Asks: 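Take a look at the following structure, please.
Fair warning: this is a prediction, and the values are worked out from it, not measured in the lab. Ligands are counted one by one from 1 in listed order, and the atoms in each one are counted from 1 as well.
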Amino acid sequence: MLLFPLFNRFEAIYPSKMTVAEYLAEQLCKIGVRYVFGIPGGPSIPYIEAFRSAGIEFILTSNEAAAGIMADVSARLTGIPGVCHATFGPGATNISTATGGALLDRSPVIVLTSEIDERMLHRTTQMNIDHQRLFSPLTKGTFRLTPHNAAGIIEDAIRLCTEEYPGPVHIGLPSDLANSPVGPDSAIGSAHEKEAIRNDTGKIISMLGNSASPLLAIGLTAARSGVEEKLASFLENKKIPVVLTPMAKGLIPESHQCYAGVLFHALSDYFDELLEKTDLIIGLGYDPVEYNYESWTRQLPLVHFNTVKTDLPESESVARYIGPPGEWFDILNKNLPASLLVNSSVLDSVRDEMASVFNGFTSHFGPVTALKVIMDELPGNAIITADVGSHLHLIGQYWKTSGRRNLIMTNGWSGMGFGLPAALAANLIHPDTTSVCVTGDGGFLMMAGEIITARRYNLPVITVVFADGELNLIRLKQSWQNIPPHGSVLYAGDLFESDTFLGIKVLTADNEEKMRQAIKIALSMNKPVIINARIDPEDYKWLVVRR
Ligand SMILES: Cc1ncc(C[n+]2csc(CCOP(=O)(O)OP(=O)(O)O)c2C)c(N)n1
Ligand SMILES: [Mg+2]
């Protein structure tokens with residue numbers, strides 16, 4: 001008696017008795033997924049075919065880590081979960097790097113890996129490691145699909161990866177699963193209990209009311225939540241100095257009267273002057289994954305607003321409010337006195353001093369000059385992706401976004417090799433917009449194989465390699481400890497020693513004029529191109545903040 005209604009329900013949901021591969025493709029298609037990034041193994045083939053039939057393109061990369069980064073960045077740019085795929089063992093461990101990135105940079109990514117079938121799962125067999133254990137600390141949830149849980153798991157995975165904080169989920173696909181008919185579900189949409197949160201609203205109201213010179217520190221959660229308009233009108237009424245975390249760059253224009261600069265990045269020790277005159281830090285959508293409060297707030301009283309509970313300093317003078325962004329602004333608007341910009345002269349002097357230090361480096365061909373030329377020549381709507389290293393510390397502070405969210409980076413994860421695949425994804429998602437990757441040579445070498453991905457799909461990305469011959473950030477840290485550069489020198493002489501790399505044009509620049517020419521040529525080519533910027537890294541010694 002029981003079987004009959006179940007059978008009817010199954011027939012109603014799955015009238016054509018789809019295979020698991022077809023069902024997965026259909027569900028991804030329904031939420032707007034257009035690409036799956038990865039490298040196939042044998043068991044991937046039916047999935048790739050099902051994706052193709054559903055209109056989802058499989059983008060082949062040279063390394064699965066690049067595929068994961070491309071999924072992450074496509075999710076950031078579209079708001080739709082990014083999807084990537086890898087095979088057993090080595091494919092899974094390669095893609096795990098980017099999975100960690102999606103976790104700590106808060107990006108909704110669905111990671112699909114092939115898994116060993118049930119029969120051999122606990123046996124000794126080629127490429128077999130436990131993917132569920134591998135992905136457990138790297139994801140918000142990890143699942144193993146069967147014909148009977150497919151519908152529930154896929155629904156759960158999509159919900160879980162997009163809800164606050166967004167992040168990655170992993171779905172293991174047993175190697176014998178793809179062509180099985182998707183069966184009646186045993187568990188659809190498991191419920192997740194939300195932890196009850198007690199907000200310190202009363203304490204916050206009194207802290208805000210008593211503050212004469214607060215400082216607003218805006219972070220990744222705010223940046224992701226699209227608070228630009230609310231923030232602009234809030235700052236119109238309550239003029240408070242603003243510092244941003246690196247990944248919140250672009251939330252307000254650098255020319256805004258309240259803008260001080262970017263925490264953690266180049267010259268950010270100039271904010272000390274401002275902190276001396278501050279009596280309260282207001283963390284707005286501040287995610288400590290980018291930069292712990294303790295590292296810079298000098299134990300000033302702290303009011304923290306975020307969407308989910310975060311790790312905070314244990315102190316009597318810390319109060320937190322967990323809720324949606326609209327509520328943060330309601331509390332701030334109601335309880336902060338309307339003010340003229342207290343500390344405006346300090347703010348002006350901090351900004352002027354920082355600008356004059358940067359300008360001091362424009363007389364030789366170092367990273368500041370190279371970046372200035374890129375800024376001069378690129379169209380205003382260009383998307384810039386950065387890698388990780390000293391060059392990122394410079395870009396994060398010096399780059400002018402003019403209030404556009406067009407600088408893409410990793411700071412929560414900070415994995416080298418991010419920049420190039422990120423630019424490829426940006427170009428795929430916004431083909432009519434110029435995408436430029438600015439990377440160190442160390443980070444470029446980690447992902448150099450992705451140049452062929454640009455060539456394969458004709459993605460006209462401009463890859464600017466800041467070729468200083470070294471892992472500069474590490475060499476700097478060695479010099480701070482009076483240790484010679486062991487293990488941080490990459491090569492002697494020229495990185496490319498050729499005007500092509502994997503069939504892609506390499507334009508070399510070793511002075512400002514050649515750099516300008518190279519950018520102009522690159523912009524006119526409409527093809528992938530590399531600019532080998534042979535910079536003198538001296539600037540970093542004075543710009544990167546010693547911590
Ligand atoms: C995958 C990974 N390995 C190591 C590091 C540690 N690390 C941070 S910056 C850096 C040096 C980066 O060198 P390069 O890409 O040449 O950039 P530069 O500092 O020279 O601008 C290293 C090794 C890291 N962040 N990520
Ligand atoms: Mg370098």
Asks: Taking only heavy atoms of His391, which atoms of ligand 1 are found under 4.0 Å from at least one of them?
Replies: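 This gives 17 (O), 18 (P), 21 (O) as the contact atoms.
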Asks: Assess whether atom CZ of Arg34 is packed by more than 12 heavy atoms of other residues, nucleotides or ligands within 6.0 Å.
Replies: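 Not more than 12 within 6.0 Å, no.
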Asks: Output the list of atoms in ligand 1 that are nearer than 4.0 Å to some heavy atom of Gly443, sorted by atom number.
Replies: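 Taking each heavy atom of Gly443 in turn, ligand 1 has 15 (O) under 4.0 Å.
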Asks: Run the numbers for me: atoms of ligand 1, each under 4.0 Å from some heavy atom of Gly442, listed by number.
Replies: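 In order of number, 14 (P), 15 (O), 16 (O).
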Asks: Between His393, Met416, Glu470, which one has a non-hydrogen atom sitting closest to atom 4 (C) of ligand 1?
Replies: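 Minimum heavy-atom distance to atom 4 (C) of ligand 1 goes to Met416.
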Asks: Starting from atom 19 (O) of ligand 1, locate the nearest protein heavy atom and write down its residue, its atom name and how far away it is, to 0.1 Å.
Replies: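 Protein heavy atom at minimum distance: Ser390 N, 2.9 Å.
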Asks: Are the ring centres of Tyr293 and His304 closer than 6.0 Å?
Replies: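 Ring-ring flag for Tyr293/His304: true, centres closer than 6.0 Å.
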Asks: Under a 4.0 angstrom heavy-atom cut-off, which atoms of ligand 1 come close to Asn472?
Replies: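 Those of ligand 1 that fall under 4.0 Å from Asn472 are 18 (P), 19 (O), 20 (O).
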Asks: In terms of residue, atom name and distance, what is the protein heavy atom nearest to atom 16 (O) of ligand 1?
Replies: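 Nearest protein contact, heavy atoms only, for atom 16 (O) of ligand 1 is Asp441 OD1, 2.7 Å.
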Asks: Considering both backbone and side-chain atoms of Leu473, is one of its nitrogen or oxygen atoms within less than 3.5 Å of a nitrogen or oxygen in ligand 1?
Replies: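 Such a contact does occur with ligand 1.
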Asks: Measure the acute angle between the ring planes of Trp296 and Tyr286, then classify it against the limits of 30° and 60° as parallel, tilted or perpendicular.
Replies: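 Because their plane-to-plane angle lies in the 30° to 60° range, the rings of Trp296 and Tyr286 count as tilted.
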Asks: Give the atoms of ligand 1, by number and element, whose distance to some non-hydrogen atom of Ser414 is under 4.0 Å.
Replies: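 Within the 4.0 Å cut-off of Ser414, ligand 1 contributes 24 (C), 25 (N), 26 (N).
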Asks: Can you check salt bridge (Lys or Arg N to Asp or Glu O under 4.0 Å) on Glu470 and Arg475, steps first, answer last?
Replies: CA-CA 7 Å; Glu470 59 193 22; Arg475 198 177 74 78; 2.7 Å; yes
Asks: As a test of understanding, state which of Thr508, Thr463, Asp499 forms a side chain to side chain donor-acceptor pair (under 3.5 Å) with Asn532.
Replies: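 By the side chain to side chain donor-acceptor pair (under 3.5 Å) criterion, Asn532 pairs with just one of Thr508, Thr463, Asp499: Thr508.
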Asks: Taking atom types as modelled and ignoring hydrogens, do the side chains of Ser62 and Arg456 form a donor-acceptor contact shorter than 3.5 angstrom?
Replies: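 Not at all, the side chains of Ser62 and Arg456 share no donor-acceptor pair under 3.5 Å.
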Asks: So is Asp468 touching ligand 1 or not, going by heavy atoms under 4.0 Å?
Replies: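 Yes.
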Asks: Rounded at 0.5 Å granularity, tell me how far CZ in Phe37 sits from CG in Leu112.
Replies: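 The distance works out to 12.5 Å.
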Asks: Angle subtended at the Mg ion (ligand 2) by OD1 of Asp441 and OD1 of Asp468, to 10 degrees?
Replies: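 The angle at the Mg ion (ligand 2) comes to 90°, rounded to the nearest 10°.
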Asks: Take a 6.0 Å sphere around CD of Glu164 and say whether it holds more than 12 heavy atoms from other residues, nucleotides or ligands.
Replies: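 Above 12, so yes.
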Asks: When you measure from the Mg ion (ligand 2) to each N, O or S atom of Glu470, which atom gives the shortest distance?
Replies: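 Result for Glu470 and the Mg ion (ligand 2): O.
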Asks: Specify the protein heavy atom at minimum distance from atom 11 (C) of ligand 1: its residue, its atom name, and the distance to 0.1 Å.
Replies: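 Of every protein heavy atom, Leu471 CB, 3.7 Å lies nearest to atom 11 (C) of ligand 1.
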Asks: Out of Arg133, His131, His170, which one pairs with Thr142 under the side chain to side chain donor-acceptor pair (under 3.5 Å) rule?
Replies: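 Among Arg133, His131, His170, the one meeting side chain to side chain donor-acceptor pair (under 3.5 Å) with Thr142 is His170.
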